[in-house]
Amino acid sequence: MPDDTNEPASRHFIEQIIDADIASGKWGQPGDRSVVATRFPPEPNGYLHIGHAKAVNLSYGLAAQFGGRFMLRFDDTNPAKEEQEYVDSIIEDVRWLGAKWAGEVRFASDYFEQFYEWAQDLIKKGLAYVDEQSPEQMKQNRGDVTKPGVNSPFRDRPAEESLDLFAKMKAGAFKDGSMVLRAKIDMASPNMNLRDPVMYRVVNAKHHRTGSTWHIYPMYDWAHGLEDSIEGITHSICTLEFENHRPLYDWFIDAINKGRSEPIHHPQQIEFSRLEPTYIITSKRNLKLLVDDGHVMGWDDPRMPTVSGMRRRGFTPESLRAFAKATGVTKFKGAHDIGLLEAAVRDHLNIAAPRRMAVLDPVKVVITNWGEHGDSDRIEEFDAINNPNDEAAGTRKVAFSCELYIEREDFMEDPPKKFFRLGPGREVRLRYAYWVTCTDFVKDSGGNVTEIHCTYDPATKGGENPPPDADGNVRKVKGTIHWVSAHDAIDAEVRQIDRLFTVPHPAREPKDAPEGWSFMQNLNPDAMTVIGGAKVEPALASTEGEPTWPDGIRRFQFERMGYFCVDRDSAKEGRLIFNRTATLRDSWSKEQGK
RNA sequence: GGGGCAAUGGUGUAAUUGGUAGCACGACAGAUUCUGAUUCUGUUAGUUGGGGUUCAAGUCCCUAUUGCCCUACCA
């Protein structure tokens with residue numbers, strides 16, 4: 001990602017911290033930028049969403065910018081929730097996003113033995129103990145934010161006893177929830193995380209990688225800093241809610257280093273504000289509900305804010321990166337306008353997407369004077385520009401005949417003055433082909449227009465302006481519309497994807513919310529409108545001559561309609577299915593709304 | 001009655017760390033245009049309140065207010 005390795009003019013707060021560290025030589029020789037090491041540490045308990053995408057881009061981008069290392073590490077410390085399926089999807093997503101990790105993919109579970117040794121070390125130092133209180137008792141004795149907790153009756157048991165019990169916990173001698181290993185810190189700490197936090201719990205469940213080797217599993221706070229330490233992470237970047245955990249992160253590493261001649265590496269945790277786009281939810285739990293309740297077709301439904309869903313919808317890694325960049329890196333917890341994402345994807349696709357013509361809601365046009373200027377069965381071919389922003393993309397042929405389809409919304413029976421398209425007596429340009437004038441139209445018994453009759457002007461061949469008349473006046477046309485020829489048009493299904501929710505903050509429960517309120521009530525029923533009868537130009541049916549996108553997804557701009565990509569179901573079902581990635585900006589609909 | 005963090009146009013974010021409040025998205029107006037797209041130009045609008053230090057404060061100090069996070073054997 002060349003754009004991200006250039007240092008921007010202004011530096012966000014994390015870059016400033018790293019700059020200062022490099023200058024002071026905190027992690028190595030002063031000035032050595034290659035010491036920077038970051039990581040992305042997902043728990044494999046769900047699919048990655050757009051918020052994770054930003055986190056990946058941030059941590060990877062930092063490592064790339066400084067010429068350091070980036071790790072992909074699964075934080076698989078809870079066998080009850082984690083599955084291989086999620087590991088696989090996350091690896092695919094991170095790769096697609098463009099992050100390149102150093103060496104192999106890492107797993108916290110690979111470090112379990114080391115964690116266990118360090119835990120024994122803490123017990124020996126009198127910094128940890130096995131607690132046999134029930135979960136209820138522990139909760140009771142923890143106190144609350146204003147009241148201090150009380151010490152466990154097991155807090156001061158001899159180290160040998162804890163060591164022995166800990167070994168038995170590991171060996172599977174106890175039931176789930178029967179005892180835990182706790183750090184001995186301070187039951188009166190105003191920071192609840194420091195009130196003798198649990199380091200290990202008994203879980204007699206099968207782990208997706210270690211199987212039934214272990215009967216104890218480390219808690220996040222105990223494990224996470226150690227994982228970072230083992231991998232030599234310098235800057236451990238996470239979201240704001242872990243701010244209160246940082247003292248514990250530091251405490252555990254300091255505890256291990258206490259009395260140790262060769263201290264283990266002590267990374268720096270830095271918290272930033274997570275990405276919170278409007279009209280989107282990013283809670284894994286709620287995303288899973290949408291899938292489980294069948295509101296969407298799956299985790300990769302093009303309406304979903306998952307990385308896989310957005311990929312299927314046609315977003316590019318570049319556009320996600322641009323969005324992440326545009327939202328910035330701060331500690332301010334705000335909402336990010338989803339319009340920024342839409343602008344980012346339009347920005348990229350406008351430069352990169354080949355243009356095609358596709359009529360989503362077709363109505364037939366008959367050129368009534370086609371026979372007067374030659375054979376009425378003849379087919380003419382025109383050159384159409386593939387991408388006005390990229391001359392190298394070249395041109396393609398589009399065929400024209402006396403029967404065409406145009407967009408239903410491009411014709412009005414009784415159009416207002418500012419309507420620059422087709423209507424009785426009005427002339428428009430058919431892009432790359434001819435200027436046509438509407439002479440008549442046919443309606444069915446339901447009042448729907450079924451056929452539009454036009455004459456074409458042979459002097460406008462190719463869509464060019466006709467020569468000036470005898471007085472030197474140049475005839476002008478206000479509108480240009482897209483079309484496909486009926487003789488070679490291909491049928492396609494088009495899924496018009498829109499925002500999944502109707503309100504900016506779907507997960508925010510209103511103050512006066514009725515009993516049983518759910519974010520589901522904010523679902524947009526029109527988030528996916530399936531159009532079965534679209535007619536598209538033949539060039540969309542074949543991949544010949546097409547530029548290849550790096551990820552193999554075929555993306556296009558349908559002229560005047562928006563950006564679309566071929567859905568992955570297309571190949572499977574043997575027909576053309578397109579997903580709408582984004583609309584074009586549309587000042588006409590805004591005009592109408594006035 | 002506790003602790004932690006944050007506050008700059010409508011939204012998000014900058015400000016050489018005390019020296020002209022800038023950028024992006026949006027909105028609005030216009031120009032260009034074989035996409036009502038793109039592109040270009042212009043307009044709009046901001047330092048949470050109150051004190052203080054200073055020649056000078058978004059930035060430093062005091063204070064108030066508002067919002068978020070924290071009481072899993074989740075991460």
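Since the model is a prediction, treat every value here as computed from it, not as a measurement. Both backbone and side-chain heavy atoms feed into the values below; hydrogens, waters and symmetry mates do not. Proteins come first, then strands; the chains are lettered A, B, ... in the order of their sequence lines, and each starts at number 1.
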Which part of the nucleic acid, if any, lies within reach of [X] when heavy atoms closer than 4.0 Å are counted: base, sugar-phosphate only, or nothing?
{"X": "A:F242", "result": "base"}
{"X": "A:K139", "result": "sugar-phosphate"}
{"X": "A:G334", "result": "sugar-phosphate"}
{"X": "A:N78", "result": "sugar-phosphate"}
{"X": "A:Y432", "result": "base"}

Just compare [options] and give me whichever is closest to any side-chain atom of [X].
{"X": "A:R201", "options": "B:C74, B:A14, B:G2", "answer": "B:C74"}
{"X": "A:K81", "options": "B:C74, B:C25, B:U38", "answer": "B:C74"}
{"X": "A:Q16", "options": "B:U35, B:A15, B:C74", "answer": "B:A15"}
{"X": "A:D75", "options": "B:C70, B:G12, B:A75", "answer": "B:A75"}
{"X": "A:L584", "options": "B:A37, B:A14, B:U71", "answer": "B:A37"}
{"X": "A:S10", "options": "B:U35, B:C5, B:A15", "answer": "B:A15"}

On a whole-Å scale, what distance lies between the [atom1] atoms belonging to [N] and [M]?
{"N": "B:U47", "M": "B:C62", "atom1": "P", "value": "23 Å"}
{"N": "B:C28", "M": "B:U53", "atom1": "C1'", "value": "43 Å"}
{"N": "B:A14", "M": "B:A6", "atom1": "P", "value": "13 Å"}
{"N": "B:U17", "M": "B:A64", "atom1": "P", "value": "32 Å"}
{"N": "B:G58", "M": "B:U48", "atom1": "P", "value": "10 Å"}
{"N": "B:A24", "M": "B:G46", "atom1": "C1'", "value": "15 Å"}
{"N": "B:C74", "M": "B:A15", "atom1": "P", "value": "41 Å"}
{"N": "B:C25", "M": "B:C40", "atom1": "P", "value": "10 Å"}

I want to know whether [X] and [Y] have ring centres closer than 6.0 Å.
{"X": "A:Y432", "Y": "A:F382", "answer": "no"}
{"X": "A:F154", "Y": "A:Y129", "answer": "no"}
{"X": "A:Y200", "Y": "A:F115", "answer": "no"}

- [ ] Determine if A:F332 stacks with B:A7; use a centre-to-centre distance below 5.5 Å and an interplanar angle below 30° as the criteria.
- [x]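 It does not: the two rings, one from A:F332 and one from B:A7, miss the stacking criterion.
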Open item on the list: Would you say the base of B:A75 stacks on A:Y220 (centre-to-centre below 5.5 Å, plane angle below 30°)?
Closed with: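 Stacking between A:Y220 and B:A75: absent.
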Task: For B:A72, glycosidic torsion class - syn if within 90° of 0, otherwise anti - done: syn
Open item on the list: Under a plain distance cut-off of 3.5 Å, with no hydrogens placed, do A:E271 and A:T239 share a side-chain donor-acceptor pair?
Closed with: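 The criterion, which ignores hydrogens and geometry beyond distance, is not satisfied for A:E271 and A:T239.
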Open item on the list: Angle between ring planes, A:F558 versus A:F564, binned at 30° and 60°: parallel, tilted or perpendicular?
Closed with: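 Because their plane-to-plane angle is under 30°, the rings of A:F558 and A:F564 count as parallel.
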Donor-acceptor pair (no angle test) under 3.5 Å: [X] side chain, [N] base:
{"X": "A:N244", "N": "B:C69", "answer": "yes"}
{"X": "A:R421", "N": "B:G36", "answer": "yes"}
{"X": "A:R355", "N": "B:U35", "answer": "yes"}

Open item on the list: I'd like to check A:M561 versus A:H482 (side-chain heavy atoms, cut-off strictly below 4.5 Å). Are they in contact?
Closed with: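 Touching, per the 4.5 Å side-chain cut-off.
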Open item on the list: Rounded to whole Å, how long is the line connecting atom CZ of A:R142 with atom C1' of B:G3?
Closed with: 16 Å
TODO: Would you kindly compare A:W588 and A:T327 by the position of their nearest RNA chain B nucleotide and give the one closer to the 5′ end?
DONE: A:T327
Open item on the list: Consider side chain to side chain donor-acceptor pair (under 3.5 Å). Of A:E391, A:Q557, A:R356, which one does A:N386 pass it with?
Closed with: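 By the side chain to side chain donor-acceptor pair (under 3.5 Å) criterion, A:N386 pairs with just one of A:E391, A:Q557, A:R356: A:R356.
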